[in-house]
Every structure is written in C-alpha cells, then in structure tokens.
Amino acid sequence: MTPPSPGYPADPKVAEVRERLRAAHAASAAPTERARAKLDDQGKLYVRDRIDLLLDEGTFVEDGRYANALASGLPADGVVTGRGLVDGRPVIVIANDPTVKAGSWGARTVEKIVRATETALREELPVFWFVDSAGARITDQVEMFPGRRGAGRIFHNQVALSGKVPQICCLFGPSAAGGAYIPSFTDLVIMVEGNASMYLGSPRMAEMVVGERVSLEEMGGARMHCTVSGVGDLLVQDDAEAIELARLWFSYLPLSWRSDLPTYEPEEPARPLTAADIPERESQPFDIHDVIDGLVDDDSFFEVKPLFAPELVVGIGRVAGESVGIVANNSMAKGGVLFSDSADKAARFIWLCDAYSIPLVYLADVPGFMIGSEVEGAGIIRHGAKMVSAVSSATVPQLCVVVRKAYGAGLYAMGGPGFGPDATIALPTARIAVMGPEAAINAVYANKIAEIESSEGVEARDAFVEARRAEYLQDVDLERLAADLVIDDVVEPEQLRADIVRRLAHARGRDRRFSERRRGIPPV
C-alpha cells in the first residue's frame, strides 16, 4: 500500500483500511505453519508456488484477491484467479487453495471462477485449471449453488469454451461431487498419483446410500481414472511434474480455435523408420511406438491416455516442426483390436485435433472391432459409431497410412478411403479386406471344409483351405488395390515421413466445411 503524500494530514480511517488490507493480503500470501506442514506431508505445493511454476516470471496479474476478506479464515475465498503468460502466450489461471477450508467453494469462490471463465470466453484465452477442492461449502449452498451465477454457470461456461480455447486441468487433490465435472469438461486431465481423486459421491456416502464399502482409490483415485474409467489422461508423481506436462501440452496447441498452431525448428526423428521396424507377417505383434518415433521429430510425441485402452495409441507429435495428431493401432495390446474404450479414446482425441486445426495421421494395423456378446452388451456398435462419426466429420487435413492389416469397419474407423482423407498411403506390408483370409474362408466355406475333412481326410481339407486362401489373397492384392485407385500410393517405410510432410503441406488449404446443419447428433 502506498503511504499518504508528504504535506497532507493523515486520515486515521484510511490508515486503518490500509492495515486491514495488508493483513488480508498477507493472509493469502502464504499458508499457516500448520497448513504448510500438511502440504509438506502430502507432497503438495502451495497454490501460489504452483502458479509460479506455470507462468513466466513476473507476469501474473491476480483478480479478486480480497474476496471474502471480512470473513475469518477464508483468504481469497479459497481460490486464486488471474492471468499471466506461458512461454509468452496469455492464459487464464483458476487455482484452488487447499489450505483454505480444503479448497471448498463458497459464494465468492464461485463468482471468481465464473468471472474468470467469462474473461476467457470474451477474450478467447486458454484456461489452466489447478483443481484441489473438497467441493461446495454446505453453509453457502443457497448463495452458491442454485442461482443464475451459481456453480452451474461454471460448467455452462466450460462447455461454451470447449473447442474454442484449450482447457488444461492439473488435478492435485480431490475434485468432489459436482466439482468433479470441472476436469471432465477440460481437454486434458493430469492426475497426481496418491493425492488426486474424482468422485460424485465419497466412499462414506456410497456406504450410506448404496451400501457399498470401497476405498477412495477404488472409488475415484488417480490410477483408477487413468487406467479404468479413462477420465484421467496422464498419471504423474507430483505437482511439479503435472505442471511441467501441462506447459508442454500447451506448446502443441493454438491460443484459440482462430489462432495458428505454434511452429518450431524441424528436427529429424530419434532414428529413421525402416522396413525392419514392421514385421511382414500380420500375425506377429509389434510396438507401433517404434513407427511413430520414426515419423515425428526427435522426442516430440506427447501421448494421451497411455494407460487406458492401450490397443490404440493417440497423441500429438511434431513433424518437421509442426503439430500433427497421431491415431495408431498397437498390435502389442490385444492385437490392436478396437474396443468400446479405444473407440471413445479415439473419438475425443479426433474431436480435439479438429477443434484446434491439428492435422491427423492414422496408422492402421487393425483386425477390426471386437466381437462377442459381452462387447455387444456394452454397446460396442454405439461406441464404434462414435469413432466413425468423429473421423467422418473431421475437416482438418487427414492421411490414412495402412501399415499392415485394415480389416472390416476397422478400415473405416482409421480414416479409410471412404471418409475422404487427403490420401490413403499403403506400405508394402499393407492388406485391406472385409476380414482376414482365415476368417473369410471359414465364413464362406465352413460346411465345405467339414465335408472334405470327413470324406477325404485332413490333407485334402488343408489343400482346399490353402487354395481358397491363395484366391482370397489374390483378390485383395495390394497392386490390384492401387490399380483400382483404392489407395493413392505405396511407399517404403524409409520414404513415409517425407511423403507425409509433403502431403500435409499441400493439404493446408483444405476446405473446412463438412455439412450444413445446426449440429450433428453423435452416437454417444
């Protein structure tokens, strides 16, 4: 506070106001000794230390620091909001303070968050959410819950921000009850193992209401959400790692849907892609990460949801210095077959890339969607349709690369020719068909095979099957597919990166219109 100018008499009332404001400012500047000890015990950083790690030094401008200053023990009303720069780019920050009533929400907490999201909407600024909150204060429920500027307005504004600007969530502690929806509306959720949790009802509430006894980790812990539910995208060990990854993720994204993508100096891959990286026998599994690393700039692939539905790999890498989204089947996990979870994972990622004008490259090595009564009952048709819907409606430049097999609806889900990619490229190991040869022969000739085996023996059966297999492979021969213009080119793995770079450069002027209507109705 600036003292009175020399030569003017001091006003005791002003002095008293200054003193009270100093005290209120100091109360939110650092945690109490007891609160600091608790943070240290949990391995957590103080809210202002978290913000300092995120923002460029000296750029933070805070709003509403004196919120609820007249109340005792509620500095800044438990949330720090404001704006600053991340690598020179402007952002909004909304950060719960767990040392203030466990980061719970009061009426002014909600008003600060609503105002911050309104600023983000008005100025189209990215939002970093630092979540560590026990939820609403029941004592403030009438003031903060039901009204037009109550907590529901936060979610409304988040939905309005979705696809307009990046929203990145670092979940350092709990996100309870209705507040659990804040992470779910963001583009990326980074969870700190051992501290972060999300749940609509606590274990105690679950026991009271539905009679279920369950631990906090089982109910909504970080590892559960990053491996089972898929709500979490990345699992990290501490606050600093979460913030580091949040900054890194932001480096791949534009400021808003209207902005250009950031570009960097091109780098060569960590090692070049070669034919030796891709087994020629389609039944032999291999790690698709080796192909991705041979295509993207050195150490630039940022994978999303690596612990969830690992049969499909999604993430953003840099190719010649520019952001490119990768969607790739991984035969090392469940043979690369698509399940409901992998379809959900793909659809959301494709929507994100399309929203922020990030080109997409599909690396197809897929036997198709999983079959069986269990997955049918779980709605695999509905979830698969969601993925196909996302691929169909994406208007960014898209390349389909058939690495090995692309069977059945798997071809469609991986951006195949029928979905208007800018090109469908095949490696010499590629094979496109309704289904694999063994399945196809069994589907068509099952009765004939059984009859031959019964009348002529096993050798005759095997000879018949091999003859039919040769016919089938001739029917789906790669050269024939190229001759019939099903695919646009066949390239060797060593030339694939250069081909992708050239094709994406030519596709920059692609028409971004898809279908004139109010909106589609995704099969969610």
Side-chain angles (χ1 to χ4, degrees), residues 38-39 41-45 50 78-79 94-105 109 113 129-139 141 144-145 151-152 154-155 158 167-239 241-242 245-246 304-310 339-342 344-345 348 374 377-379 383 524:
K38 184 175 181 180
L39 289 174
D41 185 59
Q42 295 174 318
K44 290 183 176 182
L45 298 174
R50 290 169 175 169
V79 67
I94 301 169
N96 298 124
D97 183 351
T99 69
V100 179
K101 302 290 185 183
S104 59
W105 294 4
T109 318
I113 297 173
W129 296 86
F130 283 5
V131 178
D132 194 344
S133 170
R137 295 176 208 147
I138 301 300
T139 53
Q141 64 175 315
M144 57 77 62
F145 173 67
I154 298 172
F155 309 138
Q158 278 193 279
Q167 296 186 79
I168 301 168
C169 174
C170 291
L171 191 48
F172 300 113
S175 185
Y181 283 107
I182 280 183
S184 71
F185 290 125
T186 64
D187 303 328
L188 188 79
V189 181
I190 306 170
M191 302 186 72
V192 178
E193 187 163 25
N195 283 335
S197 60
M198 279 184 280
Y199 49 84
L200 297 183
S202 67
R204 184 187 307 170
M205 185 178 293
E207 185 173 358
M208 290 175 57
V209 176
V210 299
E212 180 187 19
R213 291 191 176 184
V214 63
S215 70
L216 178 59
E217 176 58 36
E218 292 168 330
M219 173 69 78
R223 182 164 290 274
M224 188 284 288
H225 278 305
C226 289
T227 59
V228 180
S229 78
V231 179
D233 292 298
L234 297 170
L235 186 67
V236 299
Q237 296 306 306
D238 55 35
D239 292 8
E241 185 184 1
L245 288 178
V304 179
K305 297 186 189 297
L307 303 178
F308 177 73
F339 289 77
S340 294
D341 283 346
S342 36
D344 280 354
K345 176 178 176 178
R348 179 168 171 80
E374 183 177 347
H383 293 289
V524 297

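As the structure is a computational prediction, the values presented were derived from the model and not from experiment.
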Check your understanding: Does OH belonging to Y181 count more than 12 external heavy atoms closer than 6.0 Å?
Key -> no
**Study point:** SG on C169 to CE on M191, rounded to 0.5 Å
**Key:** 8.5 Å
**Study point:** Where Q158 and W129 come nearest, the two heavy atoms and their spacing
**Key:** CG-CZ2, 3.6 Å
Revision key, fill the gap. Exactly one candidate in D238, D97, D132 meets salt bridge (charged side-chain N to carboxylate O under 4.0 Å, His left out) with K44; the answer is D132
Exercise for review: Using atom types as modelled and distance alone, determine if a side-chain donor or acceptor of D233 lies under 3.5 Å from a backbone N or O of V189.
Suggested key: yes
Exercise for review: Using atom types as modelled and distance alone, determine if a side-chain donor or acceptor of T186 lies under 3.5 Å from a backbone N or O of I168.
Suggested key: no
**Study point:** Minimum heavy-atom distance between S133 and G103, given as atom pair plus value
**Key:** OG-O, 2.7 Å
Check your understanding: If you look only at pairs with a residue in residues 190-200, which of them pass as a salt bridge (charged side-chain N to carboxylate O under 4.0 Å, His left out), with sequence neighbours excluded?
Key -> E193-R223
Check your understanding: With no hydrogens and no angle check, is any side-chain donor or acceptor of K101 less than 3.5 Å from a backbone partner on R137?
Key -> no
Point to revise | Short side-chain to backbone donor-acceptor contact, N96 and P98, under 3.5 Å | key: no
Point to revise | D187 side-chain N/O to Q167 backbone N/O, donor-acceptor pair under 3.5 Å | key: yes
Practice item. Report yes or no: does S215 contribute a side-chain atom to a donor-acceptor pair with the main-chain N or O of E218 at less than 3.5 Å? Key: yes
Exercise for review: Taking all non-hydrogen atoms of both residues into account, name the closest pair between M224 and M219 and its distance.
Suggested key: CE-O, 3.3 Å
Review point. Is the backbone N or O of G230 less than 3.5 Å from a side-chain atom of K305, with the two atoms forming a donor-acceptor pair by type?
Key: yes
